[in-house]
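Contents: one structure, followed by commentary.
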Amino acid sequence: MNTVQPGGEVRIVLVGTQHPGNIGSAARAIKTMGLERLVLVAPERYPHADASAMAAGADDVLADAAIVGSLAEAVADCALVIGCTARSRRIQLEELSPRAGAARLLDAVGPGAPVALVFGRERTGLDNDELQLCHAAVHIPANPGYSSLNLAAAVQVLAYELRVALLERAALPTGGGDGHREPLASHAQLEGFFAQLGDTLDDIDFHKGRAPESALRKLRRIFLRCGLDEREVRLLRGVLADAQRMARLAGASGGERR
Ligand code: SAH
């Protein structure tokens, strides 16, 4: 009835959940906030009676939940992926408040452009490889001495922020604005760009013997901050292709001179 439309494209992803009750509680948390898409990445014990019991009336969300083997699979088609972390650690990702994270997700979501909000395991959270797949991180500014919320409670906080942001947007007059927007680049398109960027840096001998990881991480961070659309990624890849071509030519003529 008052389902606020874009909610359907916001995917709540739970990675490696250990307690099935938390899956049920998370389903309930998101349904109360008008969201519906739950994706479970390799849950430890699921399906499970505890999940159904904690879901209460949200069994439909559980029944529709997708189960996949990896986070990469869960977010491959997403325009934006935000990871939730209990610790405000020195991660190489832009860190957002729950409110700013919700706004960023709603800016990116669109028809055929789902977005994902990712939650980690109860014991260990998200590992570094999983955080690498995220474009930004959200940290709930909890008690610094005791900052780790129960998984489903963290889902509830973020789902609430999404709800408030959706309601605010629904109340705004429509029309005007920037009209048709090019769809944001998908996760897979961005990863393709980053792979080519890595190759290009090698081709132009950017690293000069230094380990490439640190520069690549910083560059990823810059580009992920911009919310690149598909056309922009094509343009950047065109620039890289030309740089790679020039590097090949320079290599060939350098070889001749020697
Ligand atoms: N011991 C783990 C905590 C995991 S809590 C750790 O230190 O990482 C399970 C999940 O709930 C986390 O991976 C995160 O996605 C979410 N979560 C818990 N507290 C949070 C907080 N303060 N801010 C953002 N997400 C939080």
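Ligands are counted one by one from 1 in listed order, and the atoms in each one are counted from 1 as well. What's counted below: heavy atoms across the whole structure, side chains too, no hydrogens, waters or symmetry copies.
Taking any N or O of Gly120, backbone or side chain, at least one lies under 3.5 Å from an N or O belonging to ligand 1. For ligand 1, one of its N or O atoms has an N or O atom of Ile140 under 3.5 Å away. Residue Thr85 has at least one N or O atom closer than 3.5 Å to an N or O atom of ligand 1.
Annotation for ligand 1: atoms under 4.0 Å from non-hydrogen atoms of Phe119 are 15 (O). Atoms of ligand 1 lying under 4.0 Å from any heavy atom of Arg121, numbered from 1 in the order shown and given with element: 4 (C), 9 (C). The ligand atoms of ligand 1 that sit less than 4.0 angstrom from a heavy atom of Arg87 are 6 (C), 7 (O), 8 (O). Proximity to Val138 (heavy-atom distance under 4.0 Å) selects the following atoms of ligand 1: 24 (C). Residue-ligand proximity, Ala154 to ligand 1, at heavy-atom distances under 4.0 Å covers atoms 11 (O), 16 (C), 17 (N), 18 (C), 26 (C).
Rounded to the nearest 0.5 Å, atoms CG (Leu219) and CG (Leu197) are 5.5 Å apart.
Of the residues Arg225, Lys218, Arg221, Arg104, the one that meets the salt bridge (Lys or Arg N to Asp or Glu O under 4.0 Å) test with Glu94 is Arg104.
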Solution key, residues 149-159 side-chain donor-acceptor pairs under 3.5 Å, sequence neighbours excluded:
| from | atom 1 | to | atom 2 | distance (Å) |
| --- | --- | --- | --- | --- |
| Asn150 | OD1 | Ala152 | N | 2.9 |
| Asn150 | OD1 | Ala153 | N | 3.1 |
| Asn150 | ND2 | Asn22 | OD1 | 3.1 |
| Gln156 | NE2 | Ala29 | O | 3.4 |

When the side chains of residues 46-64 are checked against the rest of the protein, which donor-acceptor pairs come out under 3.5 Å, sequence neighbours left out?
| from | atom 1 | to | atom 2 | distance (Å) |
| --- | --- | --- | --- | --- |
| His48 | ND1 | Asp50 | N | 3.0 |
| Asp60 | OD1 | Lys31 | NZ | 3.1 |
| Asp60 | OD2 | Lys31 | NZ | 3.1 |

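Closest heavy-atom contact between Ala243 and Thr200: CB-CG2, 3.9 Å.
Salt bridge Asp107/Arg169: present, at least one basic N to carboxylate O contact under 4.0 Å.
Contacts between Ser147 and ligand 1 below 4.0 angstrom, taking non-hydrogen atoms only, involve the backbone exclusively.
Taking the six-membered ring for Trp and thresholds of 30 and 60 degrees, Phe193 and Phe223 have ring planes more than 60 degrees apart, a perpendicular arrangement.
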